[in-house]
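Below is one structure, written out as structure tokens; the observations come after it.
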Amino acid sequence: MNKELDKVYKPLENEDKIYNKWEKSGFFNPDNLNLPESAKNYTIILPPPNITAKLHLGHAAMLAIEDLLVRYKRLKGFRTLWLPGTDHAAIATQNVVEKRIWQEQGKNRHDLGREKFLEEVWSFLGITQATILQQIKKMGASLDWSRLAFTLDEKRQKAVRVMFKNMYDEGVIYRGERLVNWCPRCHSTLADDEVEYKEEKAKLYWLKYGPFVLATTRPETKLGDTAVAVHPGDERYKQYVGKELEIEGVLGKFKVKVVADYAVDKDFGSGAIKVTPAHSFVDDEIARRHNLASKKIINEDGKMMSNCGKYAGLSSREARAAIVSDMEEMGLIDHVDENYVHNSAHCYRCGTVIEPLPSKQWFISVDKKLDRLGGKSLKEKAMEAAQDKIIEFIPSRFEKRYLDWMKNLHDWCISRQIWFGHQIPVWYKDNEIYCGLEKPKDEGWKQDPDTLDTWFSSGMWTFSTLGWPDNFVNGEKVGDLAKFHPTQLLETGYEIITLWVSRMIMMSYFAINEPPFEQVYLHGMVLDKKGKKMSKSKGNGIDPLEMAETFGADAVRLSLLMGSTPGNDTRFSEEKIEAKRNFINKLWNISRFILDYSKDELEKNIEIQNLEIKTSADKWILSSLLDLINKTEENLENNNFSLAAEELNDFTWNKLADWYLEVAKIEKGKEKILIFILRNILKLWHPFIPFVTEVVWGSFNDNLLMVETWPEVNELKELVKKFNDNNFSIIQNIIIAIRNARSENKVEPAKKLEAVIFGHDNKECIAKNIDVIKSLKTSISSLTVYEEGDKIEGSIMATSQGVEIFLIGAFDRDQELQRLHKEEENLDKLIKIQERKLNNDEFVKKAPETVVALERDKLEIYKTEQARIKKAINKL
RNA sequence: GGGCGCAUAGCUCAGUUGGUUAGAGCACUUCGUUUACACCGAAGGGGUCCAGGGUUCGAAUCCUUGUGCGCCCACCA
């Protein structure tokens with residue numbers, strides 16, 4: 001079914017068609033792969049993009065990497081599942097919808113009421129979800145759409161409720177009064193990592209405070225003070241520690257305790273601080289250590305409470321101004337630093353200043369020892385997973401970051417005061433509390449209005465998508481859960497380790513007492529040309545879809561994969577995509593050439609046994625291909641995606657196109673080899689650039705490349721080896737011959753080279769190739785082979801094992817021989833050094849295993865040397 | 001304050017346990033264009049591998065100090 005191929009590859013005309021073909025084939029679903037029982041599983045769960053999101057380059061990079069791995073494993077015969085889904089992103093989504101409603105209807109969510117508001121959210125999501133999924137398909141992602149999940153769909157709702165109930169029943173989830181980061185505008189708590197710090201100018205007030213002078217930026221919190229703290233070693237204040245003092249305040253006199261605590265910095269301010277346990281995290285900790293009372297004075301609206309006398313009802317900012325002016329009048333302010341700079345905490349969503357508040361919230365205890373985890377806590381178990389290498393981080397340095405963060409982890413506040421999300425499955429009636437999957441039957445129960453932190457449901461993502469809890473019966477996994485969990489790899493951005501990765505690990509251990517994945521691969525951020533984060537507001541974003549329209553999705557994918565390494569940020573530019581588009585077109589034209597050249601062989605099934613190596617060029621290209629297959633496999637297994645693509649590129653362009661195809665033009669009869677090579681490189685390239693490879697494949701095959709089998713090397717190895725037997729390295733012979741000739745000191749330069757080359761066993765083989773070389777003259781300015789004179793023009797191309805000799809270019813014979821001579825001396829020196837080391841008894845005694853390594857090194861050096869000479873000659 | 005990363009050609013970056021003359025793409029210069037490909041070919045220029053010190057026969061690579069940049073965590077009362 002050889003189809004005519006256009007002169008230039010046109011991605012737009014092919015990509016959608018190919019994607020439909022893939023999707024229709026059903027092979028995205030591992031159940032349709034017709035694999036033997038013994039086939040191993042390979043599972044990646046797609047990190048669910050925010051449902052309101054549009055595809056950006058970060059997504060595109062994630063998809064490129066994951067699809068690369070998934071397609072590779074599928075070709076390798078794994079039962080490969082890549083499971084798609086989207087995230088409801090509670091706060092973000094609610095904000096988007098709130099903004100829309102405000103713009104369109106001039107109403108806020110309270111005007112609409114909870115039920116009506118949620119209806120609006122859902123109808124909005126109906127539109128956006130289709131968008132992001134469509135965009136993912138454009139990138140060629142081979143996701144199993146039959147298993148599509150959403151963090152807030154019915155199945156996941158059930159999973160979340162079961163999880164919550166199980167944790168509640170075991171006391172892991174508890175309700176408590178804690179100081180939380182409170183956003184007075186969003187009316188919600190924020191997790192520690194949702195708080196952003198900004199450097200801001202503020203006034204630092206020095207207050208007269210009984211016998212102390214204290215510095216503070218928030219004089220209004222004086223109304224909630226219950227203590228003064230000093231450093232334990234501070235001699236200035238030693239006399240006061242443990243005493244109770246009476247302090248004059250704007251609302252009259254009040255009493256505070258003086259405590260000594262290491263949290264106080266002697267050298268900052270006056271070395272003494274006022275303690276407001278209800279509205280400061282540090283103070284709260286001091287209060288806990290010293291059993292101090294806590295007095296709440298600011299409410300959820302950020303206003304002063306009724307216990308603040310005449311200041312009640314003022315916002316904390318207003319109260320500050322009022323109190324400062326009153327204190328000034330009373331002479332309680334010593335002085336003010338006007339230009340003090342401090343870090344202030346802001347809501348990551350709306351930028352409002354955070355108010356630390358004591359509040360009733362739901363928490364997950366990370367320290368509670370659990371029977372189901374063998375007496376260990378979630379934190380211990382999650383740390384163990386990394387320490388014992390049950391979960392491997394790539395690159396490994398992120399393991400440290402993970403562990404550091406886990407070590408300092410406090411109980412996780414999971415309740416959020418927003419409407420969109422998983423509502424907490426707890427009902428109240430009078431003083432009773434009920435936690436269950438459904439509302440109790442009898443009257444009068446009212447559900448907790450709060451919803452769960454979005455990471456609660458995404459933390460369950462690996463197993464909730466695989467059918468937990470239905471697929472977890474009496475502690476045994478069944479169905480998809482048994483088949484695909486733990487998953488093999490989580491691929492995500494490094495910035496999300498703390499938010500997501502850590503939660504997934506804890507949740508998975510709690511639910512099924514196993515890790516959610518074996519490896520965590522962290523990719524970097526995609527930055528713009530200048531190294532800045534891409535963002536809509538800056539207008540420096542590159543739209544991957546726009547790029548895919550212009551250059552093809554393959555080019556976008558390849559440009560994201562090449563030149564980037566795990567965990568490092570990548571700068572990205574349009575020129576890079578263009579370069580990859582050019583390569584893809586090159587591959588396209590290579591294919592066109594081969595398909596035309598070998599058109600008579602296309603229908604035949606080419607077995608390796610039928611391949612015939614006739615010339616050294618044949619052997620060279622096939623042994624290069626053999627190397628390439630091995631290296632590609634090795635690189636992909638080690639997550640060196642960029643390197644793998646580079647080596648593929650080198651083979652395809654520099655070896656195959658620039659050399660072998662040129663040879664094939666002159667020397668006919670390479671049909672089988674060429675078609676064999678084409679089939680192989682299409683397979684090797686397919687995970688990187690699936691569309692174009694599938695199109696080419698489809699032009700001379702009836703089946704899909706996507707489910708072909710990965711190249712098998714053993715037979716190829718045999719074939720290449722057979723040809724090797726009578727072709728020992730000519731480079732070795734060159735070296736030996738030169739050495740002999742020189743030591744005899746009688747051969748003049750010109751003869752040396754001739755003697756070497758023509759004296760070789762493969763005279764015939766070389767002679768044959770010389771014809772090729774001569775006919776290659778078209779691409780060389782002038783060519784004279786093996787003639788007497790000052791210059792030899794031509795080139796030598798050699799492989800480490802073989803005899804490939806073509807001559808191109810020009811070199812000065814004397815200079816060249818001098819150089820070879822020098823190289824040889826260097827080689828001798830190196831080997832002597834190694835030998836000296838080997839003969840040193842003490843050295844040997846000290847490190848016997850090193851000696852073994854050295855033996856190998858010696859070999860390595862020799863090999864490197866060979867390769868280097870090869871390269872030098874090749875370069876001529 | 002604690003931690004992590006980066007510094008290699010004009011630009012963007014590779015360089016896997018130390019190994020001989022440090023690579024690629026883009027850009028640049030010259031020449032070419034007889035059909036696989038101008039989204040092309042050939043040739044070429046361009047690097048005290050941030051600086052100082054150390055280990056080694058040998059360092060871009062390992063150790064140390066410093067400088068510059070980026071990120072993360074904590075926190076500034």
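Basis for what follows: all heavy atoms, side chains included, without hydrogens, waters or symmetry-related copies. Every chain is numbered from 1, with letters handed out A, B, ... down the list of sequences.
- The CG-P distance, from A:Asn638 to B:rU17, rounds to 12 Å in whole Å.
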Check against side chain to side chain donor-acceptor pair (under 3.5 Å), A:Thr221 and A:Lys274: CA-CA 9 Å; A:Thr221 60; A:Lys274 58 193 220 46; 2.7 Å; yes
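- A:Thr216 comes within 4.0 angstrom of the backbone, heavy atoms only, and of no base.
- Applying the 6.0 Å contact sphere to NZ of A:Lys257 captures no more than 12 heavy atoms from other residues, nucleotides or ligands.
- Not a single donor-acceptor contact under 3.5 angstrom links the side-chain atoms of A:Arg401 to the base of B:rC72.
- Using Watson-Crick or G-U wobble geometry with both donor-acceptor distances under 3.5 Å, B:rU34 finds no partner in any strand shown.
- Atom C1' of B:rA27 sits at a distance of 38 Å from the matching atom of B:rU64, rounded to the whole Å.
- Below the 3.5 angstrom threshold, one finds no donor paired with an acceptor across the side chain of A:Lys400 and the base of B:rC4.
- One atom, CG of A:Asn582, and another, C1' of B:rC26, lie 10 Å apart when rounded to the nearest Å.
- No option in A:Trp685, A:Phe688, A:Trp588 other than A:Trp685 meets the ring pair (Phe, Tyr, Trp, His ring centres under 6.0 Å) test with A:Phe583.
- Heavy-atom distances to RNA chain B give each of A:Thr217 and A:Lys576 a nearest nucleotide, and the one nearer the 5′ end belongs to A:Lys576.
- Using a 4.0 Å heavy-atom criterion, one finds that A:Arg397 contacts the sugar-phosphate atoms exclusively.
- A:Ser591 comes within 4.0 angstrom of nothing in the nucleic acid, heavy atoms only.
- Rounded to an integer number of Å, the gap from A:Ile496 CD1 to B:rC73 P is 13 Å.
- A ring-centre distance under 6.0 Å is not found for A:Tyr521 and A:Phe393.
- Counting any heavy atom pair closer than 4.0 Å across all strands shown, A:Ala657 reaches a base atom.
- Rounding to whole angstrom units, CG of residue A:Leu648 and P of B:rG25 are separated by 15 Å.
- At the heavy-atom level, A:Ala215 lies under 4.0 Å from base atoms of the strands shown.
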